[in-house]
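These values consider heavy atoms only, across backbone and side chains, with no hydrogens, waters or symmetry-generated copies. Just so we're on the same page: letters track the sequence lines, and every chain starts at 1.
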Amino acid sequence: MSRRPFVRLVSGTRWYFGHPRYLRYMSREVTCIFIGAFALLLLRAVERLSAGQAAYASFLAAIAGPWSALGLSLVVIFALHNAVSWFNVTPKALPVQIGEGFLPGGFIVAAHYAAWILVSLAVLLFAGVL
Amino acid sequence: MNERMVQLEVLRYDPQVDDEPHFQHYEVPCKEEWVVLDALNAIKESIDPTLNYRWSCHMAVCGSCGMMINGEPRLSCHAFLRGFAGVIRVEPLAHFPIERDLVTVADDFIDKLKRVKPYLIPGEPRPIGAGEYLQTPAQLMKYRHFSMCINCMLCYAACPQYALQPLFLGPAAITLAHRYNLDSRDGGREQRQQVIATDEGVWECSFVGACSEVCPKAVDPAAALQQVKVASTLDWFREHLLPGSAT
Amino acid sequence: MAKSNKPVVWSLFAAGGTLAALLAPVLALLFLLAALGRAPELLGYARLHAFAANPLGKLFLLTVIALFLWHAAHRLRVALHDFGLRRDRLVAVVVYLAAGTGTALSLLYLARI
Ligand code: SF4
């Protein structure tokens, strides 16, 4: 009997529309655009800071306004998405075995969330927001 | 024991006459407690004996009845009809070539499985007289969940990176390598690392996590692959930065 | 097949991802407040300059900027592949070069403060 296997092709550019979990994955991956853009903003801030008080003041003036606010809101949202998706999978990469059992993944995730909250509060305090 | 009519749309492909697969519609009288595999068996017995599919144990142990059921990789012996409303679409496992109807060509997976040496490789020769290898419960638990794999290939059907890069070793094969690497009786890790710590091994994985979502045995291949990445990264720094340890 | 060298960039990606998860939301929030015209004290010239003049402050800023960049660069490389851009070699060179340049520049700017 002759074999003639049929190969179903997967679209290299639209495959992620094939299942909701793929879209969820892609939404996590695109957070990098916002993290990267924010890193560039920080780089720019440091550069202006090194150029003196006037340069830095004009930088602060330049980022004030509704469009920057919109852009930075998106950064906050995608940074939150990165944080949540990152912390939620930490037990997979770093399981903790205690004797015969494993520390429940929920503990590891909770510990990360606790650290996240503490760090965020500390930054807000240090920055003079709280 | 209620009976009801269940509508199935089954992908058919006969390599001798078809140029491409097509759906065939069946209406099957089914018992309420049946699974999709029972419905297929009913079709084959009394409606259409030409339908081809693989199955054996009917109890989620043999790993041979994996199919796409409404677009989701499932064991058809594990997919209860009462969980579905309307027409149930049944297709062969995604990302594998179709041999005939619901039967796929598994050669690629079998080949990859062999390449990762999924068996104990003792670190040093040991005479039979030395007795059995002892292992504590804690040492067993370290890898036990990764040893539950039944080679059903659902994780390959769920993995988009395997679809995009067919050379990728894939979830189950790398997980099985990790299972033996974690075994206290094993000494073959370096041999397996040569296969899995490569670009086409674990580094093709981008942690989509789909494999773990569809795995019927809770093996959690995504976790295994992340752990392999961490361990391989530590290896890399050890091999390249510690003096005198280059292999 | 030889063992991969991806551990180099992956370790930076992973470290950056962890740091970004911990810090990016709150740091972006500080800048969002500034964009809304309510710049927190820390983002004022005097305090930020004093912070960046301190060696520990410099180290913090360098670590944050560099690791965020490397994290974003590596994930962008993967994402572009996922979106269908299959020139992985070229993409890798471009994104890592960008992250490397950003790291060098941040060093340079911080040294000037
Ligand atoms: S890891 Fe799970 S889904 Fe993959 S082959 Fe093994 S049992 Fe099947």
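Both the backbone and the side chain of C/Ala20 come within contact range of chain A, judged by heavy atoms closer than 4.5 Å. Only the side chain of C/Leu30 comes within contact range of chain A, judged by heavy atoms closer than 4.5 Å. C/Leu67 does not touch chain A: none of its heavy atoms, backbone or side chain, sits under 4.5 Å away. Interface remark: A/Phe126 contributes backbone and side-chain atoms alike to the contact with chain C (heavy atom separation under 4.5 Å). For C/Phe60, no part sits under 4.5 Å from any heavy atom of chain A, backbone or side chain. Contact annotation for A/Leu60: only side-chain heavy atoms (C-beta onward) come within less than 4.5 Å of a heavy atom of chain C.
Rounded to the nearest 0.5 angstrom, A/Ile35 CD1 and C/Phe68 CZ are separated by 6.0 Å. Annotation: the span from C/Ile65 atom CD1 to A/Leu40 atom CG amounts to 9.5 Å, rounded to 0.5 Å.
In terms of heavy-atom pairs under 4.5 angstrom with chain A, the leader among C/Leu36, C/Leu76, C/Leu43 is C/Leu43. For the set A/Ala83, A/Ala127, A/Gly12, A/Ala64, the entry with the most heavy-atom pairs within less than 4.5 Å of chain C is A/Ala127. Most heavy-atom pairs under 4.5 Å with chain A, from the set C/Gly17, C/Gly84, C/Ala14: that is C/Gly17. Looking only at heavy-atom pairs under 4.5 Å with chain C, the residue among A/Leu70, A/Leu49, A/Val123, A/Leu42 that has the most is A/Leu49. Of the listed residues C/Ala35, C/Ala72, C/Ala99, the one with more heavy-atom pairs under 4.5 angstrom with chain A than any other is C/Ala35. Options A/Ile33, A/Leu43, A/Val84 differ in how many heavy-atom pairs under 4.5 Å they form with chain C, and the most are formed by A/Leu43. Contact count versus chain C (heavy atoms, under 4.5 Å) is highest, among A/Gly52, A/Gly36, A/Ala51, for A/Gly52.
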Using only the distance criterion (under 3.5 Å, no hydrogens considered), which donor-acceptor pairs connect chain A with chain C?
{"from": "A/Gly12", "atom 1": "O", "to": "C/Arg86", "atom 2": "NH2", "distance (Å)": "3.4"}
{"from": "A/Trp15", "atom 1": "NE1", "to": "C/Asp82", "atom 2": "O", "distance (Å)": "2.7"}
{"from": "A/Tyr25", "atom 1": "OH", "to": "C/Asp82", "atom 2": "OD2", "distance (Å)": "2.5"}
{"from": "A/Glu29", "atom 1": "OE2", "to": "C/Arg75", "atom 2": "NE", "distance (Å)": "3.4"}
{"from": "A/Thr31", "atom 1": "OG1", "to": "C/Arg75", "atom 2": "NH1", "distance (Å)": "3.4"}
{"from": "A/Tyr56", "atom 1": "OH", "to": "C/Leu43", "atom 2": "O", "distance (Å)": "2.6"}
{"from": "A/Gly65", "atom 1": "N", "to": "C/Ala35", "atom 2": "O", "distance (Å)": "2.9"}
{"from": "A/Asn82", "atom 1": "OD1", "to": "C/Arg75", "atom 2": "NH1", "distance (Å)": "3.2"}
{"from": "A/Trp86", "atom 1": "NE1", "to": "C/Thr18", "atom 2": "OG1", "distance (Å)": "3.2"}
{"from": "A/Trp116", "atom 1": "NE1", "to": "C/Ala21", "atom 2": "O", "distance (Å)": "3.2"}
{"from": "A/Phe126", "atom 1": "O", "to": "C/Arg47", "atom 2": "NH1", "distance (Å)": "2.8"}
{"from": "A/Phe126", "atom 1": "O", "to": "C/Arg47", "atom 2": "NH2", "distance (Å)": "2.8"}
{"from": "A/Ala127", "atom 1": "O", "to": "C/Glu41", "atom 2": "N", "distance (Å)": "3.3"}
{"from": "A/Ala127", "atom 1": "O", "to": "C/Leu42", "atom 2": "N", "distance (Å)": "3.2"}

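Partner of C/Phe31 under the side-chain contact (heavy atoms from CB on, under 4.5 Å) criterion, out of A/Val75, A/Val76, A/Leu72: A/Leu72 alone.
The two residues C/Ala24 and A/Phe38 have their closest heavy-atom pair at O-CE2, 4.3 Å. For the residue pair A/Val46 and C/Ile113, the shortest heavy atom distance occurs at O-CD1, 3.9 Å.
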> Passes side chain to side chain contact (heavy atoms under 4.5 Å, CB included), C/Val26 versus A/Leu121? Steps please.
Replying inline: CA-CA 8 Å; C/Val26 70; A/Leu121 287 176; over 6 Å; no
